[in-house]
Amino acid sequence: PGDDWPAFVEMLRDPPEILDHIERFALWGRDIIRRRSPFSGVKGIDAVFVGHTPVESIIEIENVVYIDTGACFGRALTMVNMASGEAARAKVSE
């Protein structure tokens with residue numbers, strides 16, 4: 001949630017009733033990819049790799065990288081080498 005990684009990490013220390021909302025939003029939030037508000041990246045971290053929003057190919061919006069290319073729908077599985085940033089795609093066998 002938001003655009004500040006250290007603030008997000010701090011929110012994870014909130015009481016359970018608030019934490020549940022934060023975890024749900026972090027897992028399912030799609031505001032950035034849907035461009036509902038101006039976004040200039042997540043402060044305090046180099047990159048955030050996300051899934052749960054299938055895309056045709058890797059999409060980078062500032063330092064947020066969408067890598068879910070729809071393997072659960074029979075499309076390619078995308079993997080990223082976190083050390084090098086290199087991406088690889090493999091077709092999921094039937």
Go through Phe25 and Asp31 one step at a time and tell me if the side chain to side chain contact (heavy atoms under 4.5 Å, CB included) criterion holds. CA-CA 10 Å; Phe25 187 82; Asp31 289 349; 3.9 Å; yes
May I have the step-by-step check of side chain to side chain contact (heavy atoms under 4.5 Å, CB included) for Asp4 and Val42, ending in yes or no? CA-CA 5 Å; Asp4 186 314; Val42 179; 5.9 Å; no
Go through Val65 and Ile59 one step at a time and tell me if the side chain to side chain contact (heavy atoms under 4.5 Å, CB included) criterion holds. CA-CA 6 Å; Val65 185; Ile59 295 175; over 6 Å; no
Can you list the steps and then say if Glu60 with Tyr66 is a side chain to side chain contact (heavy atoms under 4.5 Å, CB included)? CA-CA 6 Å; Glu60 294 183 41; Tyr66 291 82; over 6 Å; no
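In terms of heavy-atom proximity, Glu62 sits nearest to Phe39 at CG-O, 3.8 Å. Nearest heavy atom pair, residue Arg75 against residue Pro54, reads NH2-CB, 3.7 Å. Closest approach of Ile58 to Ala87, counting heavy atoms only: CD1-CB, 3.4 Å. The minimum heavy-atom distance linking Ala76 with Thr69 is given by the pair O-OG1, 2.7 Å. Residues Leu19 and Asp14 share a closest heavy-atom pair of CB-O, 4.0 Å. In terms of heavy atoms, Gly44 sits closest to Pro6 at CA-CD, 3.9 Å.
Looking at Leu77 and Arg89, their side chains never come closer than 4.5 Å, going by heavy atoms from C-beta outward. Between Asp68 and Thr53, every side-chain heavy-atom pair lies at or beyond the 4.5 Å cut-off.
Placement of Val64 and Ile33 within a single hydrophobic cluster is found when ILVMFWY residues are connected by side-chain heavy-atom separations under 4.5 Å, directly or transitively. One hydrophobic cluster holds both Val9 and Val48 under the rule that ILVMFWY side chains link at heavy-atom gaps under 4.5 Å. Trp5 and Val80 end up in different hydrophobic clusters when Ile, Leu, Val, Met, Phe, Trp and Tyr side chains are linked at under 4.5 Å. Linking ILVMFWY side-chain heavy atoms closer than 4.5 Å, directly or via other members, places Ile67 and Val50 in two distinct hydrophobic clusters.
The distance from atom CD1 of Ile18 to atom CZ of Arg13, rounded to the nearest 0.5 Å, is 14.5 Å.
Under a cut-off of 6.0 angstrom, the local environment of CG in Asp46 is sparse, with at most 12 non-hydrogen atoms contributed by other residues, nucleotides or ligands. The number of heavy-atom neighbours closer than 6.0 Å to CD of Glu86, taken from other residues, nucleotides and ligands shown, is 12 or below.
A donor-acceptor distance shorter than 3.5 angstrom exists from the side chain of Asn63 to the backbone of Ile45, with no hydrogens or angles considered.
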